[in-house]
Amino acid sequence: MATPAPTALETTFDVERIRADFPALHQEIHGHPLVYFDNAATSQKPRPVIDRLRAYYERENSNVHRGVHTLSQQATDAYEAARARVARLINATGPQEIVFTRGTTEAVNLVADAYGRLAVRPGDEIVVSAMEHHSNIVPWQLLCRRTGARLRVAPVDDTGELIYEEYLALLGERTKLVALVHVSNTLGTVNPVRQAIRDAHALGIPVLIDGAQAVPHMAVDVRALGCDFYCFSSHKMFGPTGLGVLYAKTPWLDRLPPYQGGGDMIETVSFDGTTFNEPPHKFEAGTPHIAGAIGLAAAIDYLASIGYDAIARHEHDLLAYATERLTEIDGVRIIGTAAHKAAVVSFLVGDIHPYDTGTILDRLGIAVRTGHHCTQPLMQRFGIPGTVRASFALYNTRDEIDRLVEGIHRVKKLFG
Amino acid sequence: MKDTIAERAEAIVEEFSLFDDWMGKYEHLIEQGRSLPLIEDAYRTDEYKVRGCQAQVWLRAERDNGRIVFKADSDALITKGLIALLVRVLNGQPPEAIAHADLSFLDRIGMKEHLSPTRKNGLDAMIRQMKLYAVALGGENVSAAPRGQKA
């Protein structure tokens, strides 16, 4: 599918025109027009992505790589074109550096497993931050348990920023890898990953970046960042669920042992021994999520048609407006006030439990996330059971934030 | 005072039927949670936590003159209101009646459809725990096998 030409939206952002592309936004919940503020969990899908999935299943559906028939060739071409599209999105050297996984979580697990077997020994250390998602904690804990390595945690301050000097102090001869989130799903904090990577590399330490919350909101250039591994998910960036991306520098893909066995990752099999396919196929066991990859390419084209600059400007406006309006409400406390934030606002209303707030907001048609957001250590750091989280996407509006503010007033009245 | 589980449940259904809008029902539910004496601080420990609830829920039970007395609490008020209803219906009932209680009144008060799936799971976990307490404290005469409504 051809990349749509950039439109006038790059200069004048027409949110109503964008909203028209998302069928799911146009429905009522409990008699109210839906306000969808759970984008950090998953985003809604635009018509071009839905249409592309339908077209694939209606006309091209076939397995990839081994068929000589026409449909299989077409599916293979579209699947590999999607890989190339992802490579261009993040400025990888080429499609061979893009491994399709089931999601960010599987991408992290792949590296923890393969890199762990290649390089991690008892007494080694893995450095993470206190604001990591469970997906970027637990795989490393499992690795440490398997190998006798140790997990070290870089702390965050009261605003939700990484305490950089303490991060630096953790890096040393024993550090075998840094695994750091680009944008916190709970706090919205944008981490100084470029510097964190540079400082780790100065000591010869490879770096994995969890970019699940970054790619939907900002242009990511893996070569400019210099990271060794970068992971993200399709479904948070307007693509289908069940598909993720692991970017890895070519030398790593050559060195890492296979993760799972079977299917496409194999070159030849005999009972005397098996030889493996070239990367990235070496890491894609079994039939891949073909439709997911093709749908992701359509989502990337859609994002490109609007432009990251325009998206970032719009979302920054929403973040500033939401922060201002929420701060005006007596008793509302925003958790995460870093200087550099993406469009996520986590908050508490007085001592009202997040679940109570979320339940009433849902009754008013407003979808927010409540709870620990899979960052329990971070909740412990702030001494709270959870937060209410409103996370914005390019299709959200100031009017919707006004609805949230009205909803919070209803909540306060009910529980106050 | 109405004293069987079915009679108490019916009284609650009637109470909630007085409200025709959801806000009124929620207010009444929250009021229920606030007005009932719940658990002492000493029992707000992991030992008494109900697993499966996203909000924190504590529940304990003891036997008093052959009947079961429940104490419960939650840090979320909607959850606390739901527990309060369960405690109102089951408190002081014989173990056998609790173990086989029909608690479908929760479907009839018009609140359950407003609960998220995670909260429904939490509610189910709470009911399961209350019935388990009844079986455990009821002695050998109480079986956990379902026998339909007993009141």
Side-chain angles (χ1 to χ4, degrees), chain A residues 28-32 34-38 41-42 134 186 331 333 346-376 379-380 382-390 403 406-416, chain B residues 16 19-36 38-39 41 44-46 48-59 72-85 106 109-126:
Chain A
E28 292 201 337
I29 301 294
H30 299 301
H32 302 274
L34 168 66
V35 172
Y36 188 77
F37 281 163
D38 197 16
T42 197
H134 295 167
T186 302
R333 176 183 157 209
S346 258
F347 60 94
L348 288 166
V349 186
D351 56 2
I352 301 167
H353 198 286
Y355 294 127
D356 287 332
T357 305
T359 302
I360 301 304
L361 290 177
D362 172 62
R363 204 60 195 66
L364 298 166
I366 304 163
V368 292
R369 199 66 158 189
T370 60
H372 53 62
H373 318 299
C374 295
T375 54
Q376 282 181 323
M379 297 296 106
Q380 287 153 17
F382 282 95
I384 51 179
T387 71
V388 182
R389 182 187 71 186
R403 291 251 324 264
E406 283 165 35
I408 293 168
H409 284 298
R410 295 280 291 273
V411 169
K412 280 183 67 177
K413 215 173 132 202
L414 193 56
F415 294 97
Chain B
F16 274 87
F19 305 95
D20 20 88
D21 71 324
W22 65 272
M23 273 293 264
K25 286 182 187 197
Y26 270 106
E27 269 171 293
H28 187 59
L29 185 72
I30 292 160
E31 205 46 48
Q32 294 290 304
R34 283 196 172 128
S35 61
L36 262 184
L38 293 161
I39 210 163
D41 278 352
R44 290 163 166 270
T45 60
D46 279 351
Y48 295 101
K49 254 191 206 170
V50 179
R51 289 181 183 274
C53 299
Q54 281 209 19
Q56 298 196 83
V57 171
W58 301 272
L59 176 71
D73 204 352
S74 172
D75 55 351
L77 279 177
I78 292 173
T79 311
K80 195 164 165 172
L82 290 167
I83 305 168
L85 295 182
L106 290 166
I109 60 173
M111 292 303 302
K112 216 172 172 182
E113 75 246 36
H114 301 319
L115 297 176
S116 63
T118 48
R119 200 163 245 153
K120 271 182 198 149
N121 290 342
L123 188 61
D124 290 344
M126 226 145 57

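Just so we're on the same page: letters track the sequence lines, and every chain starts at 1.
Across all their heavy atoms, A:Arg410 and B:Trp22 have their closest contact at NH2-CZ2, 4.1 Å. Residues B:Arg34 and A:Leu414 approach most closely at NH1-O, 4.5 Å, considering heavy atoms.
Considering only heavy atoms from C-beta on, B:Ile78 stays 4.5 Å or farther from A:Tyr355 through its side chain.
Separating the CD1 atom in A:Ile360 from the CD1 atom in B:Ile30 is a distance of 5.5 Å, to the nearest 0.5 Å. Atom NE2 of residue A:His353 and atom CD of residue B:Gln56 lie 6.5 Å apart, to the nearest 0.5 angstrom. With rounding to the nearest 0.5 Å, the separation of CG in A:Asp356 from NZ in B:Lys80 is 10.5 Å.
More than 12 heavy atoms of other residues, nucleotides or ligands sit less than 6.0 Å from atom CG of B:Asp21. For B:Arg44, the CZ atom is densely surrounded, since the number of other residues' heavy atoms within 6.0 Å is greater than 12.
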